Amino acid sequence: MTEMITILTGAGISAESGLGTFRDEGGLWAQHRIEDVATPEGFARDPELVHSFYNARRAQAREATPNAAHEALAKLEARYNGEVLIVTQNVDGLHEAAGAQNVLHMHGQLEGALCGACEKRWAAPLVMHPSDTCPHCNAAATRPDIVWFGEMPYGMDTIEDALARSTLFASIGTSGNVYPAAGFVAQARQNRIPTIELNLEASQGGTLFDERRLGPASKVVPAWIDELLSA
Ligand code: OAD
């Protein structure tokens, strides 16, 4: 059986590309209320506000470029003698921009538009409006293809299967506050595979990892990947 590595990434991996994290000082959740911009109820109350929040993030993400950590993960995927799955909580496209192909966006993507009526998807324009209509069913129920609080993240079956087949689980740049992603380390431990955390500081569930490397992703991730590839 081919060996497999599952890698969970969070906002910390994109921080050095200039994209703000959520819970660090001055982060997105210090500036906006989660219930206003990241819940279905918030969208129903004020779709203009929610679209403008994601329009701004989309504009910022399009200007951003991958950093050494994204590049190292793409290198791992290309050179590792086995399978690598990147499960990202990030809605930016920086893993793909660095060349990674096996990327699962469990919280959706800024570059996606989703029809709240017929559930079809298409490429998001730079600026979305509540009056935009679905190219498939014509309903004016267009929303960003983002998984909000209270909604089911994408690809859970694939992720569970990957964690069952993997021989290593790594978590990079995530605070471990949001489930189900925060629970992957416990699942990996239950499956008796080694776990490693790479983060600026210890995360919520930091003690659950077998190994921890603290520092900026652009430094600790390439060093770890060079070790993996030369082992
Ligand atoms: P957070 O903002 O909660 O956590 C970011 C983590 O990255 C923190 O632990 C930081 O210490 C770390 N960090 C910051 N800069 C770093 C750097 N240069 N190198 C390495 N680590 C660094 O972001 P997430 O854990 O990704 O969901 O948040 C998870 C989910 O919560 C998001 O996907 C989003 C949010 O609410 C939804 O919107 C549904």
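When a ligand or atom number is given, it counts from 1 through the structure's own listing order. Here the structure is a predicted model, which is why all the values come from computation and not from measurement.
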Query raised in the report: ligand 1 versus Val178, non-hydrogen atoms closer than 4.0 Å: side chain, backbone, both, neither?
Result: side chain

Requested in this report: For Arg79, look at atom CZ and say whether over 12 heavy atoms of other residues, nucleotides or ligands are found less than 6.0 Å away.
Outcome: no

**Report entry** Enclosure of Glu48 CD (heavy-atom neighbours >12, cutoff 6.0 Å)
**Finding:** no

**Report entry** Which residue and heavy atom of the protein sit nearest atom 11 (O) of ligand 1, plus the separation
**Finding:** Glu201 CG, 3.3 Å

Requested in this report: Using modelled atom types only, decide if a donor and an acceptor are shared between the side chain of Asp226 and the backbone of Ala223 within a distance under 3.5 Å.
Outcome: no

Report task. Could you tell me whether Gln101 atom CD has more than 12 heavy atoms of other residues or ligands within 6.0 Å of it? Result -> no

Query raised in the report: What is the closest protein heavy atom to atom 32 (C) of ligand 1, and at what distance does it sit?
Result: Phe22 CE1, 3.4 Å

Report task. Could you find the nearest protein heavy atom to atom 5 (C) of ligand 1 and give me its residue, atom name and distance? Result -> Gly173 O, 3.8 Å

Query - Within 6.0 Å of CD in Glu119, more than 12 heavy atoms from elsewhere - result: no

Query - Donor on one side chain, acceptor on other, His70 and Ser14, under 3.5 Å - result: yes

Requested in this report: Determine, considering heavy atoms only, which of Asn199, Asp24, Val147 sits nearest to atom 9 (O) of ligand 1.
Outcome: Asn199

**Report entry** Over all atoms of both residues, closest heavy-atom pair of Asn55 and Leu126
**Finding:** OD1-O, 3.8 Å

Report task. Between Glu16 and ligand 1, find which residue part has any heavy-atom pair under 4.0 Å and reply side chain, backbone, both or neither. Result -> side chain

Query raised in the report: So, is Leu200 polar-close to ligand 1, with some N/O to N/O distance under 3.5 Å?
Result: yes

Query - Residue portion contacting ligand 1 (non-hydrogen atoms closer than 4.0 Å) for Ile172 - result: neither

Requested in this report: Run the contact test for Pro216 against ligand 1 with a 4.0 Å cut-off on heavy atoms, strictly below, and give the result.
Outcome: yes

Query raised in the report: Donor-acceptor pair, Gln89 side chain versus Ala181 backbone, under 3.5 Å?
Result: no

Query raised in the report: Of all the non-hydrogen atoms in the protein, which one sits nearest to atom 36 (O) of ligand 1, and at what distance?
Result: Trp29 NE1, 2.9 Å

Query raised in the report: For ligand 1, does Phe149 get within less than 4.0 Å through its side chain, its backbone, both, or neither, judged by non-hydrogen atoms?
Result: side chain

Report task. Can you pull out the closest protein heavy atom to atom 19 (N) of ligand 1? Residue, atom name and distance to 0.1 Å, please. Result -> Ala217 N, 2.8 Å

**Report entry** Distance-minimising heavy-atom pair for Ser52 and Leu49
**Finding:** OG-O, 3.0 Å

Query raised in the report: For Thr88 and Thr9, does a side-chain donor sit closer than 3.5 Å to a side-chain acceptor?
Result: yes

Query raised in the report: How close do Ala188 and Phe169 get, heavy atom to heavy atom, and via which atoms?
Result: CB-CB, 3.8 Å

Query raised in the report: When you measure from atom 13 (N) of ligand 1 to each heavy atom in Gly12, Ala182, Ala11, Gly150, which option holds the nearest one?
Result: Gly12

Query raised in the report: Considering only heavy atoms of Gly10, which atoms of ligand 1 have at least one such atom less than 4.0 Å away?
Result: 26 (O)

**Report entry** ligand 1 versus His107: contacting region, heavy-atom distance under 4.0 Å
**Finding:** side chain

Requested in this report: Check Ala38 against ligand 1 and report side chain, backbone, both or neither, counting heavy atoms closer than 4.0 Å.
Outcome: neither

Query raised in the report: Can you find an N/O atom of Asn90 closer than 3.5 Å to an N/O atom of ligand 1?
Result: no

Requested in this report: Might you point out which heavy atoms bring Leu104 and Tyr154 nearest each other, and give the distance in Å?
Outcome: CD2-O, 3.6 Å

Requested in this report: Considering only non-hydrogen protein atoms, determine which one is nearest to atom 29 (C) of ligand 1 and report residue, atom name and distance to 0.1 Å.
Outcome: Gln89 OE1, 3.3 Å

Query raised in the report: Out of Val221, Thr174, Val91, whose heavy atom sits nearest atom 24 (P) of ligand 1?
Result: Thr174

Query raised in the report: So, does Thr39 use its side chain to make a donor-acceptor pair with the main chain of Gly42 at under 3.5 Å?
Result: yes

Report summary line: Minimal heavy-atom distance between Val103 and His95, with the atoms involved, is CG2-CB, 4.0 Å

Query raised in the report: Hey, which atoms in ligand 1 end up nearer than 4.0 Å to a heavy atom of Ala15?
Result: 15 (N)

Query raised in the report: Is Trp148 in polar range of ligand 1, meaning some N or O pair under 3.5 Å apart?
Result: no

**Report entry** Closest approach of any protein heavy atom to atom 31 (O) of ligand 1, naming residue and atom
**Finding:** Arg23 NH1, 3.0 Å

Query - Closest approach of any protein heavy atom to atom 1 (P) of ligand 1, naming residue and atom - result: Ser175 OG, 3.6 Å

